[in-house]
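I have placed the structure first, in the form of structure tokens, so that the comments after it can refer back to it.
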Amino acid sequence: MQRSCGRRIRELGRRQGPVPLTYLSPGMGGDPASPPGPESRLPSCPLPTPVLSFPLRRPESQHAKGCLMADWKISALLAGKAPVGETVTVKGWVRTRRDSKAGLSFVAVHDGTAFDPIQVVAPGSLPNYAGEIQRLTTGCAVVCTGVLAASQGKGQSVEIQATNIEVLGWVEDPETYPVQPKRHTMEYLREIAHLRPRTNTFGAVARVRNCLAQATHRFFHENGFYWIHTPIITTSDAEGAGEAFRISTLDLANPPRTPEGGIDWSQDFFGREAFLTVSGQLNVEAFCCAMTRVYTFGPTFRAENSNTSRHLSEFWMIEPEIAFADLSDDADLAEAYLKSLFRAVLDERGDDMAFFAQHVEPEAVSRLEAFVDTSFERMTYTEAVDHLGKAKKAFEFPVKWGMDLQSEHERYLCEELCKRPVVVMDYPKEIKAFYMRLNDDGRTVAAMDVLAPGIGEIIGGSQREERLEVLDARITEMGLDLQEYWWYRDLRKYGTVPHAGFGLGFDRAVNYVTGVKNIRDVIPFPRAPKLAEF
RNA sequence: UCCUCGGUAGCUCAAUGGUAGAGCAUGCGGCUGUUAACCGCAGGGUUGUAGGUUCGAGUCCUACCCGAGGAGCCA
């Protein structure tokens, strides 16, 4: 069933015709326009080589050149991609060293390509054994060459019988090297954000995060979406999505003034006030109303003084937008997308997920498996309020129609009442943004929140108001300036169509998948109030 | 930003208002195809910061800084 990349590209080029509102899972391939079957499956191209070198070199080609060694990814060696007896070289960092005075040392080396390190057996006969090998400590950078062998000990299938170990980088003061081969708290690791990628926990988080990002692009690509690079800098601060960071090149100590005494922004870099984006949605709607299926995936900035385990000042958001679609289509998309993400992690990062299940969150794997197999519960806001009113649980805040749901209410719905992800739809218009489509009842809008057990609101979305006169009324009603939205309103003047979309907090998705509780521990270098050291 | 709890060795944590300690890590020695190895010895401290109460403060009080949990804002 393996197919060449070239043939696959030709086949993709042939695809035409309508794309129905059904969603494929990444890796499953398949053309929705044709009946499902083996022929429609398009396996993704296998990664071409287990070696780490770039440009890519296969071990065989090196042999052909008379070279006896090749650089291997540790993940490939642990996966049995190299034959026992092969001479291999790995490059990485020491996790632990255990000595045997009988004349050998065991060095666990990791290179970030897999959760597990590989065991390098260093015999006492190495010329630098006493001088260097026995001085190796956690964190040293090494190049190890030797013969791949079936392990004599327990705990690993293969190991490297070293014939040469070169130490490239020493740890200059092992006593104060912050990463020790022991359990560290996440709070401590956060203070050494430049070194925490070397820990097994954060390495696993980084690989899972990458897997989710790749799976995101794969899902949208395979379903006919275009990735739109919406701007980071915006001149609109009235998007209703929270406080924005101002950007300016004016001299803060001595800014130009208007006659009235205010700051004269017309002399600033962009000739007007400018901010970091709080959402790419409004911009991506312009491309949606031209290209049908689009999405953004990039950083987003909020200047809120939020000190919680769920908020960052700089975070990554994914915002798909689909034309000729309503709220129900939007919910379908959210469900298909989330399931494809989690399926990818289960398929591709079993080693890391096993670690999370063992040490971080016992349910990490089982709840993802359940997630991809069960459909989301769906209910209207009005039904949700009903359920909450009948709940035997005592809430700190009373439930009343018209009020926004509190965290405790959302948790009850998905964790206790339904025990699965829940999509709550059709909220009172007073508590939602101006661009959400007014329902026929006149008092609710076509908004939805996806609530996931253990993480809360992971997706917020809506059908957009495509009727100009209704949109204008909502903008005015909420005290906003019509003129500020002139180009957004143009989209309704010229060939308007029903469309919908949502925003997924990417970092929150990583929280959910890994079971890591704090959002500051699933992003490489977190930014939050009073936190921008690295 | 609000409420609650916390900050002691490189890390994780003990210590009734009365001599600051353990495990791990590090160094040295011992032992072993080891598995966060194990055994022995050693070094390692302005108890978050600044004040205050007291004969005496890690411990009590005040302010500030930092962290955690919860809340608000939201993704």
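- Among the heavy atoms of the strands lying under 4.0 Å from A:H184 are primed sugar atoms or P, OP1, OP2 only; no base atom is included.
- Distance check on atom P: B:G10 versus B:G6 gives 23 Å, rounded to whole Å.
- Between A:E408 and A:F397 the shortest side-chain heavy-atom distance falls below 4.5 Å.
- Minimum atom distance to the side chain of A:Y188 is reached by B:G10, of the listed B:G33, B:G10, B:G69.
- Whole-Å rounding puts the A:E410 CD to B:C74 P distance at 11 Å.
- Side-chain atoms of A:Y435 and A:R464, non-hydrogen and from C-beta on, do get closer than 4.5 Å to each other.
- When distances are taken from the side chain of A:R520 to each of B:G33, B:C11, B:A68, the shortest belongs to B:A68.
- Distance noted for atom C1' between B:U19 and B:U47: 16 Å (whole Å).
- Between the C1' atom of B:A71 and the CD atom of A:E304 lies a distance of 15 Å, rounded to the nearest Å.
- Straight-line distance between the C1' atoms of B:G27 and B:U46: roughly 25 Å, to the nearest whole Å.
- B:A14 and B:G48 have their P atoms separated by 14 Å, with the value rounded to a whole Å.
- Here, B:C24 and B:C5 have their P atoms 34 Å apart, quoted to the whole Å.
- Remark: aromatic rings of A:F434 and A:Y485 are close, center separation under 6.0 Å.
- Listed nucleotides B:U12, B:U34, B:G72 differ in distance to A:E159; the shortest reach to its side chain belongs to B:U34.
- Nucleotides of RNA chain B nearest to A:F397 and A:L312 differ in position, and the one nearer the 5' end is that of A:F397.
- Comparing atom distances between the A:N307 side chain and each of B:U34, B:G67, B:U1 picks out B:U1 as nearest.
- Residue A:R97 places no side-chain N or O under 4.0 Å from the OP1 or OP2 atom of B:A25.
- At B:A37, one or more side-chain N or O atoms of A:R98 fall inside 4.0 Å of OP1 or OP2 (strictly under the cut-off).
- Taking atom CZ of A:R190 as the reference point, atom P of B:C11 lies 15 Å away to the nearest angstrom.
- Contact annotation: A:S306 side-chain N/O to B:C74 OP1/OP2 distance is not under 4.0 Å.
- Taking the ring centre of A:Y512 as origin, the terminal cationic atom of A:R367 falls inside the region bounded by 6.0 Å and 45° from the ring axis.
- Distances were taken from every side-chain heavy atom of A:D99 (C-beta onward) to each of B:G72, B:U32, B:G67; the shortest belongs to B:U32.
- If you check every strand for non-hydrogen atoms under 4.0 Å, A:E319 touches nothing.
- Rounded to whole Å, the C1' atom of B:A36 lies 13 Å from the corresponding atom of B:C11.
- In this structure, A:T185 reaches the sugar-phosphate backbone alone: every heavy-atom distance under 4.0 Å involves primed, P, OP1 or OP2 atoms, never a base.
- Proximity of a side-chain donor or acceptor of A:H217 to a complementary backbone N or O of A:Q214 within less than 3.5 Å is not detected.
- The phosphate of B:G69 (OP1 or OP2) has a side-chain N or O of A:N518 nearer than 4.0 angstrom.
- In this structure, the CG atom of A:L405 is 16 Å from the C1' atom of B:A71, given to the nearest Å.
- Between A:E314 atom CD and B:C74 atom C1' the separation is 17 Å, expressed in whole Å.
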